[in-house]
Amino acid sequence: MAAQEVRLCGLLLQEHFGEVVEKIGIHLLRSGALNLRAVVQETNTSLDLVKKSLCVLVQHGMCTFERSRRGVVEYRASCERVLRILRYPRYIYTAKSLYGDTGELIVEEILQRGQMTMSSAVKTVADRLTHNMEDGQSMDYAEVINSFTKLVETHFLQRCPPVVDQGTAATAEPSSAGGPDSPAPTVTKSAQPENHPDCYKVPQIHLTGRGKRSRSSEDGEGDQRAAKRAKVDNTEHGDEGIYWRVNFERFHLHFRDQVIISAVASKLDQTSSEIVRTMLRMSEVTTPPNAAYTQPLSANEIFRSLPPGYSIARPILDQYLTLLVDDPMEFVGKSGDSGGGMYVVNLHRALANLAKATLESVVQERFGSRSARIFRLLLRKRHLEQKQVEDFAMIPAKEAKDMLYTLLSENLVQLQEIPKTPDHAPSRTFYLYTVNQLSTARLLLQNCYKTVGNLIERRLFETRENKRHLEKSQRIEAILASLQASGADQAQLQEVEEMITAPERQQLETLRHHINKLDSSENQVDETIFLLEAYTSSTTKASH
Amino acid sequence: MAGRGRGRGRSQLSFNIEVVGISKGDNLPPATLQPTPLFPPMEHKPVPLQVGEEAEYMLALKQEFRGAMKTLPYYIRPAAPKKDVERYSDKYQNSELTDGTMEWNPDWRRLPKELHVRVKRPRREKTPAVQRQGAQARVDTEDIIHKLETLEKKEEQVSSDEEEGEKKKQEEEEQEGEEEYDEEEFEEETDYIMSYFDNGEEFGGDSDDNMDEAIY
């Protein structure tokens, strides 16, 4: 785990789980696998707090435990999983766009609690929806169950792998946890939820009713808290022990498809993007997650599956497909001629090209368009000498030198030595400039992590500096709210509002503006992080 | 051999510098003698952020999520440092914080046994109070039943001094017992209740006494 990643993980843990969990989490990330006593000793925290923090981390999937060979239980934190916290708003927004408000709330609740049973999720979401509805209306559980089922069927939610406590041990094993079957104590080491045969099976639960509207008290916050608490009901709904969590990989596949479609739309036109969208939709279930390209689809199938709003003639479809294949971005490739032409979407190549475009754009924005021209040249021509760079880029020698050295000092460009003679004499060696796309992408990824870390630190700094103002304004808002609830007249409200002076109001406004800007910057950097991570993982996990 | 032909040890590099384009006598920028400034002026300003409904909605989601996480029991606050002097306001302030952490009961079957945190301290505080409450309730009901029985007996029996005396003693003992019980346990909140509870026994006994004395 690189230093910047660990730092960012620490900040995210601190913001969402508090400082105690941050301390334990960072220590686990830095040290690899540790047992409980080692954690307590090395972090100087009380045993109670360490236990609670580990429970929280395991609940949210950021830490796993397994029995080591020596017989003690060892805990291991996952840096990648903690960094996903950055992407939670994107997951929730995607769920909203696909499955409406109900889907949005389901995903949000499960993300907040790490893992939940289906019945408690349904109840909490129904209560929340009822809370937002008008008086007298309430949300039926059946609708929420419906949305939940749809999310599971499209693999956006998955079951947590079952854990069997074999006396003193705790190993994860795949077994059919349907309820009546007692799990057989086979000790297979795979803890992947995908290996579980019932991973996406919705349990039969007995849950009927409607969401409850909690009594609206003066304290609106207490209301929210009451709606959020998963009340421990003594009634069993038939799905005890089956916990669900969000399937991040599936969301990532969806984001990847979205990125490809929007790239096609901006490079070519809307109709081509619709064709690519159709192709991707058809290959959703047949393509394994790490595949380099989708299964071949014939042009006839594509024609039949086009959405009804985009009815284009068959020869026009063929022309579009030819255009897509000839495009230098290589999104679509032709793999055969049967069935009117067999076409595939080149997933890995598309990701590589998109990453390349990101790198070029970064260089352009930081160093200017002429440096970007040199960079693009090196990407295409691989290795060039100093003189050749000047000639091809059509930039005067002095300026080209300057730009190359700046890029070299930033490590975006590397120098490659090719000796002519065995003694590597400097006068008889070629020095070639080159760009290695993968390592440059990794470098930029680390930069992105550092950027987000800086953004979070700056936001915390701004909040700390203006803490007094923020507290005062919160108190005044609380007073106003309680006055309004008890029906005070306008003059009193006016008086309370005037307790905040105009310059203070101005300062609060600027503070809010800054914090909003920093927050949305984090969201945007996360989009770049996603793209670069997808590219680096697609090249390392190379299948086929 | 190294550096023999070049500058007498002044600028010795491992490769021929002409290859990278710096010819002899070229105007090189002056050597830097200090670290680069912390916030160097930027020649190229960054591109403005994306705006739009989607960006704003995601921003709102992010901020709400952060706020929500702070109220959930997963947000662990370190134990408050011991104060030097006990203050009156402690009673009214600290209870809020501990509510959240005790709310969450994970599924212990899914966690290793060693992580099982027994919820000890608040339980100890709660159970004696519960016991006291229970004891008080029990004492109350016992008292009431006892007094009802004595009332019944009184109505049935002919009033005689001895019995009255006995009963009075019993009542006094009971009352003393109650009062002792009161003073020991119900310090803060229940003296209101106990003084309010008027069983009417005293009244009856007093008036009987008076009547006895009055009948000359």
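Labels below follow one simple rule: chain letters A, B, ... track the order of the sequence lines, proteins then strands, and each chain is numbered from 1.
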Practice item. Take the angle between the ring planes of B:Phe65 and A:Tyr88 and call it parallel below 30°, perpendicular above 60°, tilted in between. Key: perpendicular

Practice item. Measure distances from A:Lys96 to the heavy atoms of chain B and classify the residue's part below 4.5 Å as side chain, backbone, both or neither. Key: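 For A:Lys96, the side chain is the part near chain B, not the backbone.
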
Point to revise | Heavy-atom proximity to chain B below 4.5 Å, by part of A:Glu527 | key: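 When you check distances to chain B, only side chain atoms of A:Glu527 fall under 4.5 Å.
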
Review point. Taking the side chain as C-beta and beyond, is there a heavy-atom pair between B:Tyr74 and A:His16 under 4.5 Å?
Key: no

Exercise for review: Walk me through it: do B:Arg77 and A:Val20 pass the test side-chain contact (heavy atoms from CB on, under 4.5 Å)?
Suggested key: CA-CA 7 Å; B:Arg77 293 183 170 85; A:Val20 183; over 6 Å; no

**Study point:** Inter-residue atom distance A:Asp519.CG - B:Leu61.CG, 0.5 Å rounding
**Key:**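 Result: 11.5 Å between the selected atoms.
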
Point to revise | A:Asn516 and B:Gln63 side chains, donor-acceptor separation under 3.5 Å | key: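 A pair is found: one side chain offers a donor N or O, the other an acceptor, under 3.5 Å apart.
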
Review point. What are the two closest heavy atoms between B:Tyr75 and A:Gly18, and how far apart are they?
Key: CE1-N, 3.4 Å

Study note, to complete from the structure: Looking only at heavy atoms, the pair that brings A:Ser521 and B:Leu49 closest together is OG-CD1, 3.6 Å

Exercise for review: May I have the step-by-step check of side-chain contact (heavy atoms from CB on, under 4.5 Å) for B:Lys62 and A:Ile92, ending in yes or no?
Suggested key: CA-CA 10 Å; B:Lys62 188 181 173 89; A:Ile92 303 174; over 6 Å; no

Review point. Just by modelled atom types, is the B:Gln50 backbone N or O under 3.5 Å from a matching donor or acceptor in the A:Gln524 side chain?
Key: yes

Practice item. Please assess A:Arg366 against B:His44 for the test side-chain contact (heavy atoms from CB on, under 4.5 Å), listing each intermediate value before the final yes or no. Key: CA-CA 6 Å; A:Arg366 278 183 47 193; B:His44 303 275; over 6 Å; no

